[in-house]
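First the structure, in the form of structure tokens, and then the observations on it.
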Amino acid sequence: MDTFILGIETSCDETSAAVVQNGNHILSNIISSQIDIHNIYGGVVPEIASRMHTEIILQVINEALSKSKKTLEDIDSIAVTQGPGLIGSLMVGISTAKSLAYSLNKPLVGVNHLEAHISAVHLENDIDFPFIALIVSGGHTNIYYVKDYLEFELLSNTRDDAAGEAFDKAAKVLNLGYPGGIAIDNLAKEGNPKKIKFPRPLNDDSLEFSFSGIKTSLINYLNNNMINNEQDLKDICASYQEAIVETLINKTVNAVKKYKVKNIVISGGVACNSRLRVLAKDKFEDKNIKVFIPSPVLCTDNAAMIAALGYYLFRNNITSDLNMSPYSTAKINPRSYNS
Ligand code: KG4
Ligand code: ZN
């Protein structure tokens, strides 16, 4: 029998709802972005984010249902992002999901946002376990060893800034708007990545990341050098991007060597980066290691990935109480799938 999961995602600045069949077939995936508003302030303003989620969430859910041609009665379970994320924003999705679960008498499933970024791969590919997953987003840079659909072992994270944060902060300094990753990516396409040698932090065989030094060295560079023309800006973007991307790939190589896997998943907003997508394939494919990077719309925040992981949790009877609460950081993730 088919299983239909309604996924809801409101952890940051995207309000999203999706209907996914059997954990791998997207019937709808509606994403309403707040980027235009936050761009005015140069970053996400949490109070505005929660208000905007509240204003639009019911409309987004209705759209997801009507596009999927399913009704609420057809839905088997409601999966919602529980954390990590902005508490006020998470609360909007969680209260909506709880109300639906209660009124329809259907199970509620709280989903970890970062693990859901990994589960996005199942929406487009059949992938063999185990694999290494590199999750690169605005708030996180994590490497996981993934043994099964619900077995995620966190191997490393960042000591300071996340990769996406390094892109966004650089874009702010360079006056390129928010979020900055895509702007830097586009300018870098016509720049020389070897022009400026930005550091490759923690360039050893560890799995840990650190990106605050790269950002500082960009600021130092800008204090000592003029941007005289568009080409200078493009060269800075290309060199800066290369330092981040090379670091991400080097750490993934370390993890692959250590855990001897044949498959890699790269996901999260920064996985949209065109240079990262090319370099990852170049680096691993001739070594007989398959690299899976979801389509860009499934790499950035979306509810289809929440429904995908929600499906495996629901199938294993790992559901949540109606009194469950959001968590802001990955460190206090209150659930363990394996216990
Ligand atoms: O996963 P995501 O949509 O939201 C979080 O959970 O944080 O990731 C957003 C991050 C932002 O930092 C944004 O600048 C970055 O992903 N990003 C990119 C690109 N597209 C989005 N970074 C580099 N290159 C891109 N093309
Ligand atoms: Zn995310």
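Whatever order the structure lists ligands and atoms in, that order sets their numbers, starting from 1. This one's a predicted model, so the numbers in the text were calculated from it and none came from an experiment.
Protein heavy atom nearest atom 17 (N) of ligand 1, with residue, atom name and distance: G269 O, 3.5 Å. For atom 4 (O) of ligand 1, the closest non-hydrogen atom of the protein is D301 OD2, 3.1 Å.
By the 3.5 Å distance cut-off applied to N or O atoms, V136 is not counted among the residues near ligand 1. Note: an N/O pair closer than 3.5 Å links H117 and ligand 1 by distance alone. Distances between N or O atoms of H113 and those of ligand 1 include at least one value under 3.5 Å. Checking only distances, P179 never comes within under 3.5 Å of ligand 1, N or O to N or O. Taking only nitrogen or oxygen atoms, main chain and side chain alike, N273 reaches within less than 3.5 Å of ligand 1. In terms of N/O distances under 3.5 Å, ligand 1 is approached by G181.
Minimum heavy-atom separation, I37 to I48: CG2-CG2, 3.5 Å.
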Worksheet entry | I87 and Y327: CA distance, side-chain angles, deciding distance, side chain to side chain contact (heavy atoms under 4.5 Å, CB included) verdict | CA-CA 7 Å; I87 289 293; Y327 48 90; 5.6 Å; no
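For the pair G139 and ligand 1, a heavy-atom separation below 4.0 Å is found. Heavy atoms of Q241 come nearer than 4.0 angstrom to ligand 1 in no pair at all. The shortest heavy-atom distance from H140 to ligand 1 is not under 4.0 Å.
Between K215 and D161 there is a salt bridge, since a side-chain N of the basic residue sits under 4.0 Å from a carboxylate O of the acidic one. A salt bridge is absent between D76 and K70; no separation between the charged side-chain nitrogens and carboxylate oxygens falls under 4.0 Å.
With hydrogens and angles ignored, the 3.5 Å screen pairs a side-chain donor or acceptor of T141 with a backbone N or O of A163.
Close placement of the F129 and Y149 rings is indicated, their centers lying within 6.0 Å of each other.
Neighbours of the Zn ion (ligand 2) restricted to protein N, O or S atoms under 2.8 Å: the count is 3.
Hydrophobic clustering, with ILVMFWY side chains joined whenever heavy atoms are under 4.5 angstrom apart, groups F152 together with I318.
With hydrogens and angles left out, the side-chain atoms of D205 and N254 include no donor and acceptor closer than 3.5 Å. Remark: the S32 side chain and the Q34 side chain contain no N/O donor-acceptor pair separated by less than 3.5 Å. Counted by atom type alone, H53 and T10 present zero donor-acceptor pairs between their side chains at under 3.5 Å. Side-chain contact of N250 with T247: a donor-acceptor pair under 3.5 Å is absent, judged by distance alone.
Every atom of ligand 1 with a heavy atom of G164 under 4.0 Å away is listed here by number and element: 12 (O). Applying the 4.0 Å criterion to heavy atoms of T300 picks out, from ligand 1, the atoms 3 (O). Remark: ligand 1 atoms within the under-4.0 Å shell around heavy atoms of C272 are 20 (N), 26 (N). Against a heavy-atom cut-off of under 4.0 Å, V270 is close to the following atoms of ligand 1: 15 (C), 16 (O), 18 (C), 22 (N). Using a 4.0 Å cut-off to heavy atoms of G138, the atoms of ligand 1 that qualify are 5 (C), 7 (O), 8 (O), 9 (C), 10 (C), 12 (O).
Under the salt bridge (Lys or Arg N to Asp or Glu O under 4.0 Å) criterion, the residue pairs touching residues 37-57 are E47-R51, with sequence neighbours excluded. Screening residues 289-316 for side chain to side chain donor-acceptor pair (under 3.5 Å) gives H113-D301, H117-D301, E124-S295 as the qualifying pairs, with residues at least two apart or on separate chains. Here ring pair (Phe, Tyr, Trp, His ring centres under 6.0 Å) pairs that include residues 233-289, with residues two or more places apart or in two chains, are Y145-Y259, F198-Y240.
At a 4.0 Å heavy-atom cut-off, ligand 1 touches D185 through the side chain alone. Contacts between D168 and ligand 1 below 4.0 angstrom, taking non-hydrogen atoms only, involve the side chain exclusively.
A 6.0 Å sphere centred on CD of Q231 holds more than 12 heavy atoms belonging to other residues, nucleotides or ligands.
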